[in-house]
Amino acid sequence: MRWTQTLIPTLRESPSDAEILSHQLLLRAGIIRKLAAGLYNFMPLGIRSLHKIQKIIREEMDRSGALEILMPALQPPEIWQASGRYEAAADTLFKVNDHSKREWVLGPTHEEVVSTLAAGEINSYRQLPINLYQIQTKFRDEIRPRFGLMRAREFIMKDAYSFDKDDVASMSSYRKMYDTYVRIFRRCGLKAFPVEADAGVMGGKHTHEFVVPADTGECEIAFCDSCGYAANVEKADSALQKTYSQNEASTELFETPGVKTIESLSKPPYSIPASQQIKTLVFIAEDKPVILLLRGDYQLNEAKLAGLLGTVIFRPATDEEVFNLLKAHVGSLGAVGIKQVPVYADLLLEGATDMVTGANKDGFHIRHVNMSRDIPQAQFVSIRTVKNGESCVKCGKPLSIRNAIEVGQVFKLGTKYSVALGACYSDEKGEQKPCVMGCYGIGVTRTLQAVIEQNFDKDGISWPISVAPYHICVTPLNVAPESEPMKWAERYYAELSSAGIEVLLDDRDERPGVKFKDSELIGIPIRLSIGEKSLAKGVVELKRRNGELVALKPEDAVAEAIKWVQEELNKLS
RNA sequence: CGGGGCGUAGCUCAGCCUGGCAGAGCGCUUGCUUUGGGAGCAAGAAGUCGAGAGUUCGAAUCUCUCCGUCCCGACCA
């Protein structure tokens, strides 16, 4: 492609509505343009990279035996009502009306559609296992679209759905997708890795997220550098580090006028460290109150709480509910002597002694609280959010917590959707059984941005060659048709192209500085530049985006460039 | 939905406080010069100052309402 014949609208300055670097580079390199918040046009360079990511995904999905299909983005609301997600996902479902005011849903995902499809087409165990996938545009009414393609209202996703006869077979399908994802991200030049994750509203049990560590990522991951343990903080556990004194003193009420927070009790005149306090929370889970106890220096993990309660329908109790239940206000609550409400305490509190907690009497706390003696009714569970530096559950070394971008997720779904939508098969004995499902997503457009987030420097993007819009940028520094540089450039363009190399010929009549800056900004992995000065010395120059300049005899340049491209491609094959 | 910022040329922004001719740089067009790291000179095109209402002799500027957009929070299949 000749630069003058395509549309690469690079920007010297970055638009003011882009905050994070990868978003700025997407705009500056002319890869995307915004239509509205969370809605983007893909420009010629962008669509080329996107197609390459999609090609890698298709090749690996097909290799795994999955079958590509295409399902409608526009869906009837009835199937969403059948699965129960019409209400459960109401906040993010886009709804539209047709000419007769009938309502439709713009699909944010396709469990309902694929289950309906399977209900009609899969009848026998002989058809199983089967894995159906598509690459398609999804719609989510995000409460807050942000960071360019990271969280958009319309985005491209690869979603796959496996159907198996039982749990064991489903686990094997899951494993196959897990391995496929590892290959896909590696081929995209992305350092992504799987972490244990929380299943959330999807209703599955076994799930991994594939994440790319990045400061701008929206999820937090606990990593162990020593043994490789990695989990979303929603799921992460740590080995317990209990260092409680053996003070057997009896409980004692003391006055704490106006003290309503862990923090204020940790300051003089009380000076009780947060780690020696018991934080008491009251939640209402499906209309029933529960009391949750955490050590004062920890935060509640709501994802774990959902797992414990077996429901996502819970909320903090209102001030009024709290007072009715415990006869005290938030800030003076405790679980000592509470029998009528279930009490769950974080595992870290098991065996704790000499703690301080609220007295259920405004303005008073209790000291010398011994968990096993004074709150014996508590059941110990993991409900805290792991903190940086805690010990790894597997090897005991310190965990570090880092931000990451979630680019994919694999789920073992079970039979929730197959039961709700009738995706059943006849087994060997002729009995009707629901298919055991799995679902597997990759955010294709988000992956594009994640690649940039992981591959840039001060000059711009530095694409892995497998997803670069072009392999090589041929840069003549004089574009007059009869000039020596342009004659060589034309020859290179023709010869490299016929060898199957994707060439961008910068035939713009621009100064060298502009051409170099632009080629580095848009991140083409290899550049072949031809200038009069170097030709006078009998050479042209080949350079990797991140490498040193290599001078070559003009007639050797094509062979060498092909070799470089092959080398780069081989690294990511 | 709560809090905050912003909205003026394609892009980045000044002007607003203290009302009085619509501005700069980059980009774009034309010409000359220049030609190995975002050149120089000259000329030119380019605007519903987000929208509406109000105050005023007069509003980009003051007031109100609305919209858009970005950031923080809540949320995130």
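Everything numeric here is computed off the predicted structure, so don't read it as measured data. Below, chains carry the letters A, B, ... as their sequence lines are ordered, and counting in each starts from 1.
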Could you state the atom-to-atom distance from CD of A:Glu234 to P of B:C76 in whole Å? 8 Å

Nearest-angstrom distance from the residue atom CE of A:Met150 to P of B:C70: 15 Å

Residue A:Ala36, side-chain heavy atoms: nucleotide from B:G37, B:G38, B:U69 that is nearest: B:U69

Output the single nucleotide from B:C71, B:U69, B:C26 whose closest atom is nearest the side chain of A:Arg146. B:C71

Please give the distance between the C1' atoms of B:U35 and B:A45 as a whole number of Å. 27 Å

Nearest to the side chain of A:Lys517, heavy atoms from C-beta on, is which of B:G37, B:G36, B:C70? B:G37

Among side-chain atoms of A:Ser382 and A:Asp237, is any donor-acceptor pair under 3.5 angstrom? yes

Of all heavy-atom pairs linking A:Ile262 and A:Gly296, the shortest is CG2-O, 3.8 Å

How is A:Asp518 classified with respect to the nucleic acid when contacts are heavy atoms under 4.0 Å: base, sugar-phosphate, or nothing? base

Under 3.5 Å for both donor-acceptor distances, Watson-Crick or wobble: does B:G73 have a partner, and if so which one? B:C1

Without hydrogens or angle criteria, can the side chains of A:Thr385 and A:Gln299 be said to hold a donor-acceptor pair below 3.5 Å? no

Looking only at atom P, what distance separates B:G10 and B:G20, rounded to whole Å? 24 Å

Pairwise P distance for B:A9 and B:C49, with rounding to whole Å: 10 Å

A:Glu218 CD to B:A74 P: how many Å, rounded? 12 Å

Could you work out the separation of B:A24 and B:G4 based on their C1' atoms and round it to a whole Å? 29 Å

If we call it a pair only when both distances are under 3.5 Å in a Watson-Crick or G-U wobble match, what pairs with B:G31? B:C41

Could you tell me the separation between the CG atom of A:Leu521 and the C1' atom of B:G37, rounded to a whole number of Å? 14 Å

When all nucleic acid strands are considered with a 4.0 Å heavy-atom cut-off, which category describes A:Glu520: base, sugar-phosphate, or nothing? base

So, OP1 or OP2 of B:G38: does either fall under 4.0 Å of a side-chain N or O from A:Arg12? no

Are A:Arg402 and A:Phe223 in a cation-pi contact, defined as NZ or CZ under 6.0 Å from the six-membered ring centre and within 45° of the axis? yes

Mapping A:Ile143 and A:Lys515 to their closest nucleotides on RNA chain B, which lands nearer the 5' end? A:Lys515

Quick test of your reading of the model: are A:Glu548 and A:Lys543 salt-bridged, counting only N-O distances below 4.0 Å? no

Between CZ of A:Arg28 and P of B:G38 the distance, given in whole Å, is 14 Å

Suppose we define a pair by two distances each less than 3.5 Å, Watson-Crick or G-U wobble; what does B:C16 pair with here? none

Could you walk me through whether A:His208 and A:Tyr174 pass side-chain hydrogen bond (donor to acceptor under 3.5 Å, both in side chains), step by step? CA-CA 10 Å; A:His208 286 83; A:Tyr174 180 93; 2.6 Å; yes

Could A:Arg151 and A:Phe147 be counted as a cation-pi pair, given that NZ or CZ must be under 6.0 Å from the ring centre and within 45° of the axis? no

Take atom CG of A:Asn232 and atom P of B:C76, then tell me their distance rounded to the nearest Å. 12 Å

Between P on B:U35 and CD on A:Glu484, what's the gap in Å once rounded to a whole number? 19 Å

Among B:G36, B:U35, B:G37, which nucleotide sits nearest the side chain of A:Arg527? B:G37

Report the base-pairing partner of B:U61 (Watson-Crick or G-U wobble, both distances below 3.5 angstrom), or none. none

What protein N or O atoms touch nucleotides 10-16 of chain B N or O atoms at under 3.5 angstrom, if any, and at what distances?
unit_1	atom_1	unit_2	atom_2	d
B:U12	OP1	A:Ser16	N	2.5
B:U12	OP1	A:Ser16	OG	3.1
B:U12	O2'	A:Glu13	OE2	3.3
B:C13	OP2	A:Ser16	OG	3.3

Thinking salt bridges, do A:Lys34 and A:Asp17 make one under a 4.0 Å N-O criterion? yes

Across every strand shown, the nucleotide meeting Watson-Crick or G-U wobble geometry with B:A46 (both distances under 3.5 Å) is none

Identify which nucleotide among B:U69, B:C72, B:G36 has an atom closest to any side-chain atom of A:Lys34, counting heavy atoms from C-beta outward. B:U69

Any salt bridge between A:Lys304 and A:Glu234, counting N to O under 4.0 Å? no

A:Phe516 to A:Arg527 - nearest heavy-atom pair and separation: CD2-CZ, 3.4 Å

When you measure from the side chain of A:Lys533, which nucleotide among B:C75, B:C70, B:G36 comes out closest? B:G36

Can you tell me the Watson-Crick or wobble partner of B:A22, both distances under 3.5 angstrom? none

Centre of A:Tyr298's six-membered ring, under 6.0 Å away, within 45 degrees of the axis: is that where NZ or CZ of A:Lys387 sits? yes

Check: A:Ser534 side chain, B:G36 base, donor-acceptor under 3.5 Å: yes

Provide the distance between the two P atoms, one in B:C62 and one in B:C1, to the nearest whole Å. 27 Å

Mapping A:Glu541 and A:Arg151 to their closest nucleotides on RNA chain B, which lands nearer the 5' end? A:Glu541

Rounding to the closest angstrom, what is the interatomic distance between B:G25 and B:U63 at atom C1'? 34 Å

Would A:Arg545 pass as a cation-pi partner of A:Trp463, given that its NZ or CZ must be under 6.0 Å from the six-membered ring centre and within 45 degrees of the axis? no

Could you identify the nucleotide paired to B:G7, looking across every strand shown and requiring Watson-Crick or G-U wobble geometry with both distances under 3.5 Å? B:C67

note: A:Arg144, atom CZ; B:G68, atom P; distance rounded to Å ~ 16 Å

Under 3.5 Å between N/O atoms: give me all the protein pairs with nucleotides 45-47 of chain B, atom names plus distance.
none

Please evaluate the base of B:G36 for a donor-acceptor partner in the side chain of A:Glu532 within a cut-off of under 3.5 Å? no

Using the C1' atom as the reference point in each nucleotide, state the distance between B:C11 and B:U69 in Å, no decimals. 16 Å

Do the two ring centres, one from A:Tyr440 and one from A:Tyr161, sit under 6.0 Å apart? no

Please give the distance between the P atoms of B:C17 and B:A60 as a whole number of Å. 12 Å

